[in-house]
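A short worksheet on the structure shown next.
Along the sequence shown, the residues carry numbers beginning at 1. Remember, it's 1-based here, ligands and their atoms both numbered in the order they're listed.
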Amino acid sequence: MSKKTLANLSASDLSGKRALVRVDFNVPLDDQGNITDDTRIRAALPTIQDLMQKGAKVILASHFGRPKGVDDKLRLTPVAKRLSELLGQEVIKCDDCIGDEVASKVSGMQNGQVLLLENVRFHKEEEKNDPEFAKQLAANADIYVNDAFGTAHRAHASTEGVTHYLSPSVAGYLIEKELQYLQSAIENPQRPLAAIIGGSKVSSKIGVIETLLEKCDKLILGGGMIFTFYKARGLSVGKSLVEDDKLELAKSLEAKAKERGVQMLLPTDVVVADKFAADANAETVSVENIPDDGMGLDVGPDSVKMFQDALAECKSVIWNGPMGVFEFDKFAVGTEAIARTLADLTKQGVTTIIGGGDSVAAVEKVGVADQMSHISTGGGASLELLEGKELPGIAALDEA
Ligand SMILES: Nc1ncnc2c1ncn2[C@@H]1O[C@H](COP(=O)(O)OP(=O)(O)O)[C@@H](O)[C@H]1O
Ligand SMILES: O=C(OP(=O)(O)O)[C@H](O)COP(=O)(O)O
């Protein structure tokens with residue numbers, strides 16, 4: 001990558017230095033406040049442990065949820081506890097991210113110790129990227145490491161602003177790994193490259209579909225967005241999700257695929273339900289025969305087989321968005337089949353990349369998350385990267 005990374009800094013650069021490390025510890029909690037998935041905490045460990053071993057004083061900053069002011073339910077206390085367990089060492093926890101308490105705790109730190117600041121979004125200045133607030137965050141540190149890939153698409157004080165006050169400003173190992181997979185998947189893939197795009201609406205995936213049409217050899221579409229394509233082709237879609245203002249766009253995307261020689265695959269059969277519910281009655285129909293009172297909630301078995309055949313010829317696959325309403329078991333079959341297919345392909349040497357968000361939840365539900373080449377820790381961030389957008393939290397870092 002073109003940016004300076006933590007790998008470029010040696011123990012002599014880091015020993016005794018106060019390193020402000022932006023991580024994305026925005027993890028899910030249950031009703032009792034227990035962390036239900038610590039993937040994002042584990043993903044930051046290589047950077048934290050490297051800094052500890054090189055003798056830095058590690059000051060971690062993260063947001064948590066979207067609070068409006070201080071919110072006791074969105075304190076990072078459970079995260080500090082989990083991180084202490086994972087590191088096998090107590091993590092010092094602050095009640096704020098700036099101010100006297102932080103300054104005093106940081107000044108008492110030994111080399112190799114780890115401190116976690118409180119939720120940076122308790123201050124509205126964080127999301128405004130307020131320079132004064134960024135300066136206050138930077139005041140307790142010597143250098144800056146950004147390892148918060150999931151938040152790299154936000155130009156906030158702790159992701160962008162602080163880089164103006166700390167030098168060097170480098171990328172951590174998670175950001176380096178995410179870029180390595182996601183960027184090389186579209187810039188320099190092993191071909192053929194297939195992209196599988198699903199999810200609810202075509203409107204939220206236009207950017208990524210347009211970019212991928214420039215890059216991939218096969219584009220497989222599933223999820224709710226397919227019904228907008230069918231309607232654009234003149235088919236009846238019953239009560240399925242349709243964006244009537246995107247019919248022309250769907251037509252133009254199909255035309256663009258044809259023009260570029262990209263094989264665009266839409267399902268040939270779908271599972272329709274009589275209502276949007278886990279206990280709905282379901283039947284599989286061909287896409288030409290969707291009943292007026294039917295709602296398409298999953299791709300059908302013939303489509304899965306067609307997708308599997310197309311994927312079997314590929315050397316790289318990027319997947320973003322589920323094939324159906326996978327939250328309901330009855331309509332999770334297509335999504336689960338794709339997850340298993342990608343796990344099998346990975347074993348055969350195919351590079352498989354899961355681009356964050358609901359697709360990751362689907363892969364985890366099937367229990368094959370550890371069998372993929374790469375699972376992104378950022379939903380919005382990975383989508384923006386795949387769309388070819390610049391991520392401000394990365395753009396602000398020092399050039400290598
Ligand atoms: N046929 C469908 N009709 C309605 N919603 C669907 C359909 N297929 C998938 N979805 C919904 O799409 C949602 C995920 O969409 P999206 O947020 O775009 O994906 P991602 O989070 O992977 O980017 C899921 O909640 C899923 O239930
Ligand atoms: O969970 C996150 O985003 P994601 O749901 O798109 O993966 C990140 O922590 C960013 O959070 P934000 O969308 O509140 O800025």
Side-chain angles (χ1 to χ4, degrees), residues 22-28 37 39-41 43-44 62-68 74 79 119-121 126-127 148-156 158-159 178 196-209 221-230 237-243 266-267 270-273 275-278 280 282 287 290 294-300 303 318-335 338-339 354-365 375-387 391-393:
R22 179 52 157 106
V23 284
D24 188 331
F25 285 166
N26 188 25
V27 291
D37 179 1
T39 305
R40 281 181 166 168
I41 306 176
S62 177
H63 73 285
F64 194 22
R66 293 176 175 175
K68 302 262 172 285
L74 292 173
V79 172
N119 191 346
V120 285
R121 287 192 187 167
E126 159 68 2
E127 289 174 78
F149 179 74
T151 327
H153 57 318
R154 309 282 183 221
H156 292 172
S158 67
T159 60
E178 294 269 13
I196 310 172
I197 304 294
S200 53
K201 294 182 192 157
V202 66
S203 54
S204 61
K205 304 285 165 87
I206 297 168
V208 77
I209 292 176
L221 296 181
M225 72 173 73
I226 56 176
F227 301 99
T228 300
F229 284 86
Y230 295 142
V237 295
K239 291 192 289 175
S240 308
L241 190 69
V242 167
E243 290 172 279
L266 281 159
V270 288
V271 182
V272 292
K275 57 181 177 182
F276 189 87
V287 294
I290 298 175
M295 188 187 287
L297 296 186
D298 197 6
V299 299
S303 310
I318 305 172
W319 182 17
N320 180 294
M323 295 289 98
V325 183
F326 74 105
E327 295 92 337
F328 301 153
D329 286 344
K330 216 175 224 176
F331 306 102
V333 179
T335 302
I338 294 298
I354 316 299
D358 275 337
S359 338
V360 176
V363 165
E364 277 166 357
K365 192 172 172 218
I375 297 225
S376 179
T377 55
S382 67
L383 206 57
E384 290 200 16
L385 198 68
L386 292 175
E387 283 174 39
L391 305 186

Query raised in the report: When you look for heavy atoms under 4.0 Å from ligand 1, do you find them on the side chain of Lys201, its backbone, both, or neither?
Result: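 Neither part.
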
**Report entry** Structural part of Lys205 in contact with ligand 1, heavy atom criterion under 4.0 angstrom
**Finding:**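 It is the side chain that gets close, since no backbone atom is under 4.0 Å.
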
Report task. From the options Gly224, Gly357, Pro267, Gly334, select the one whose nearest heavy atom is closest to atom 3 (N) of ligand 1. Result ->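 Result: the heavy atom closest to atom 3 (N) of ligand 1 is in Gly224.
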
Report task. Select the closest option to atom 12 (O) of ligand 1 among Gly324, Ala361, Ser200, Gly296, judged by heavy-atom distance. Result ->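 Among Gly324, Ala361, Ser200, Gly296, the closest heavy atom to atom 12 (O) of ligand 1 comes from Ser200.
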
Please list, in number order, the atoms of ligand 1 under 4.0 Å from a heavy atom of [X].
X	answer
Asn320	23 (O)
Pro322	14 (C), 19 (O), 22 (O)
Ser359	22 (O)

Look at [atom] and say which protein heavy atom is nearest, naming residue and atom and giving the distance to 0.1 Å.
atom	value
atom 13 (C) of ligand 1	Asp358 OD2, 3.7 Å
atom 25 (O) of ligand 1	Glu327 OE2, 2.5 Å
atom 6 (C) of ligand 1	Val325 CG2, 3.5 Å

Using modelled atom types and a 3.5 Å cut-off, is there a donor and acceptor pairing between side-chain atoms of [X] and backbone atoms of [Y]?
X	Y	value
Thr159	Ala152	no
Asp37	Pro28	no
Ser359	Ile354	no
Ser240	Gly296	yes
Asp358	Gly199	no
Thr335	Gly324	yes
Arg121	Gly65	yes
Glu126	His156	no

Report task. Measure the distances from the heavy atoms of Gly379 to every atom of ligand 1 and state whether one is below 4.0 angstrom. Result ->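 Contact absent.
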
Query raised in the report: Do you know the tightest heavy-atom contact between Leu391 and Phe149?
Result: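 Closest pair (atom of Leu391, atom of Phe149, distance): CD1-CE1, 4.0 Å.
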
Report task. Scan for side-chain hydrogen bond (donor to acceptor under 3.5 Å, both in side chains) pairs involving residues 320-332, sequence neighbours excluded, and state none if there are none. Result ->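 Matches after skipping sequence neighbours: Lys205-Asn320, Asp329-Lys365.
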
Query raised in the report: If you measure from the Lys or Arg side-chain nitrogens to the Asp or Glu carboxylate oxygens, is any gap between Arg40 and Glu178 under 4.0 Å?
Result: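 Glu178 and Arg40: not salt-bridged.
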
**Report entry** Near ligand 2, at a heavy-atom separation below 4.0 Å: residues by chain and residue number
**Finding:**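 The 4.0 Å shell around ligand 2 contains Asp24, Asn26, Arg40, His63, Arg66, Arg121, Gly150, Arg154, Gly378, Gly379, Gly380.
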
